[in-house]
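Notes follow the structure.
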Amino acid sequence: DVKDLRHLSLFDSVKASLGCDLVITTDSGPSHIFGAYGARQICLYSPYQRDHFQNFEAMTPMNYKNNLTLFCGIDNINSIKQEEVLNIIK
């Protein structure tokens with residue numbers, strides 16, 4: 001069951017998401033919060049820092065339970081193939 005929580009406040013979206021089997025995020029505040037809780041998540045990110053050409057995962061969230069799957073879009077997150085993300089979910 002997919003739920004769109006974009007209309008909720010940060011606190012309410014985190015609270016609701018922590019009850020989910022899997023959370024899909026971008027490299028944003030909530031992704032770092034979910035990592036602190038060890039929630040199972042997929043994080044979509046891109047190297048958005050100016051002149052940042054290596055070690056792209058340096059600014060991605062940590063997950064103390066290693067429940068994190070990262071997908072990097074080289075130009076932007078739109079270059080991430082949906083099929084790759086869906087294969088992780090299945």
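Starting from 1, each residue takes its place in the sequence as its number. This is a predicted model, so every value here is computed, not measured.
Once rounded to the nearest 0.5 Å, the distance linking NZ of Lys3 with CG of Leu8 reads 11.0 Å. Atoms CG and NE2, on Asp12 and His7 in that order, are 9.0 Å from each other to the nearest 0.5 Å. We find the NE2-CG distance between His32 and Asp27 to be 4.5 Å, quoted to the nearest 0.5 Å.
Cluster annotation: Leu22 and Ile80 are assigned to the same hydrophobic cluster (Ile/Leu/Val/Met/Phe/Trp/Tyr, side-chain heavy-atom contacts under 4.5 Å, transitive). Ile24 and Leu68 are assigned to two separate hydrophobic clusters, defined by single-linkage of ILVMFWY side chains at heavy-atom distances under 4.5 Å. If you chain together hydrophobic residues whose side chains sit under 4.5 Å apart, Ile88 and Leu44 fall into the same group. The hydrophobic cluster containing Tyr37 also contains Val23, counting ILVMFWY residues as joined when their side-chain heavy atoms lie under 4.5 angstrom apart, directly or transitively.
In terms of heavy-atom proximity, Pro61 sits nearest to Ser31 at CB-O, 3.5 Å. Scanning all heavy atoms of the two residues, the minimum distance from Phe34 to Val14 falls at CE2-CA, 3.9 Å. Between Pro30 and Leu10 the shortest heavy-atom distance is CG-CD1, 3.6 Å. Considering every non-hydrogen atom in both Thr25 and Gln41, the closest pair reads OG1-OE1, 3.4 Å. For Ala16 against Cys20, the heavy-atom pair with the smallest separation is O-SG, 3.7 Å.
In this structure, Ile42 and Leu70 have side chains that are not in contact, with every pair of non-hydrogen atoms separated by 4.5 Å or more.
Proximity of a side-chain donor or acceptor of Ser28 to a complementary backbone N or O of Thr26 within less than 3.5 Å is detected. A side-chain donor-acceptor contact under 3.5 Å links Asn87 to the backbone of Glu83. Between the side chain of Asn63 and the backbone N or O of Ala39 there is at least one donor-acceptor pair closer than 3.5 Å.
Environment of CZ in Phe71: crowded, with over 12 heavy atoms of neighbouring residues, nucleotides or ligands closer than 6.0 Å.
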